[in-house]
Q: 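Here it is: the structure, laid out below.
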Amino acid sequence: MSDPRTAAVYPGSFDPIHLGHVDIIHRALTIFPKVIVAVLENPEKRALLEMPVRVKLIRESLAGLAGVEVASFSGLLVDFLRSSGARVVLRGMRAVSDFEFEFQLSLFNRRLWADAETVFLTPNEEFVYLSSRVIREIWAFGGDVSSFVPAPVYAELTRRRSVASHRA
Ligand code: ADP
């Protein structure tokens, strides 16, 4: 069994990474010496940002933070865990509405690999309402998301908007 103190894997779509995610990563680094942000390539979901861009923006948003790695993966999370030498899955818990899905997921993962353990962290209250889906929607309708996302994400979204408006 790998050493549970070595790393926690934080999986998600991160499309885009937002300040709630960043808060969870900061908190995790006070518990685990290493956090691997694992960006899921989900062919069933139409993404706003392409995978290499998502990974790049996460790296830029977390620049200077010791103990963070960013990787992409597809397929089973437990396979990614094993290949990373980690057994802890890190998940954020915003509200009761997250609970049912997260509970099911954690039991599934443990069923697939008995060593897998899920650790839930809660964000600061100011980030509880944030989700990438809502941020994508606000952005699509022309709203200001600058207070929800790290500066590199906002810069990329703004760049895309200006390219799109020049094309129009
Ligand atoms: P989102 O739910 O924002 O679309 P992801 O699917 O990428 O983002 O979520 C990855 C992980 O981050 C999940 O465990 C999710 O519960 C957690 N998370 C998402 N938003 C927040 C938030 N505002 N505060 C804390 N955790 C969050």
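In each ligand, atom 1 is the first atom listed, and ligand 1 is the first ligand listed. Values reported hereafter were calculated over all heavy atoms of this structure, with side chains retained and with hydrogens, waters and symmetry mates removed.
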Q: Sub-3.5 Å donor-acceptor pair from the side chain of Arg27 to the main-chain atoms of Pro123, do we have one?
A: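 No; judged by distance alone, with no hydrogens or angles, the pair does not exist.
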
Q: Might you work through the side-chain contact (heavy atoms from CB on, under 4.5 Å) test for Leu65 and Ile25, ending with a clear yes or no?
A: CA-CA 10 Å; Leu65 207 53; Ile25 293 163; 4.2 Å; yes

Q: What does the N/O contact table under 3.5 Å look like for ligand 1?
A:
residue  : atom   : partner : partner atom : Å
ligand 1 : 2 (O)  : Arg94   : NH1          : 3.3
ligand 1 : 2 (O)  : Arg94   : NH2          : 3.0
ligand 1 : 3 (O)  : His18   : NE2          : 2.9
ligand 1 : 3 (O)  : Ser132  : N            : 2.7
ligand 1 : 3 (O)  : Ser132  : OG           : 3.3
ligand 1 : 4 (O)  : Ser132  : N            : 3.4
ligand 1 : 7 (O)  : Ser13   : N            : 2.9
ligand 1 : 7 (O)  : Phe14   : N            : 2.9
ligand 1 : 8 (O)  : His21   : NE2          : 3.0
ligand 1 : 12 (O) : Tyr10   : OH           : 2.7
ligand 1 : 14 (O) : Arg91   : NE           : 3.2
ligand 1 : 14 (O) : Gly92   : N            : 3.0
ligand 1 : 16 (O) : Gly92   : O            : 2.8
ligand 1 : 20 (N) : His18   : NE2          : 3.2
ligand 1 : 20 (N) : Arg94   : NH1          : 3.0
ligand 1 : 23 (N) : Phe127  : O            : 2.7
ligand 1 : 23 (N) : Leu130  : O            : 2.9

Q: If the condition is side-chain hydrogen bond (donor to acceptor under 3.5 Å, both in side chains), which residues does Glu156 pass it with, not counting sequence neighbours?
A: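 Only Arg159, Arg160 meet the side-chain hydrogen bond (donor to acceptor under 3.5 Å, both in side chains) criterion with Glu156.
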
Q: Which class fits the ring pair Phe103 and Phe99: parallel under 30°, tilted 30 to 60°, perpendicular over 60°?
A: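 Answer is parallel, since the angle falls under 30°.
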
Q: Under the 3.5 angstrom rule, does the side chain of Asp15 hit a backbone N or O of Leu48 as a donor-acceptor pair?
A: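 Here the side-chain-to-backbone pair exists.
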
Q: Drop me the distance from Asp23's CG to His18's NE2, to the nearest 0.5 angstrom.
A: 10.5 Å

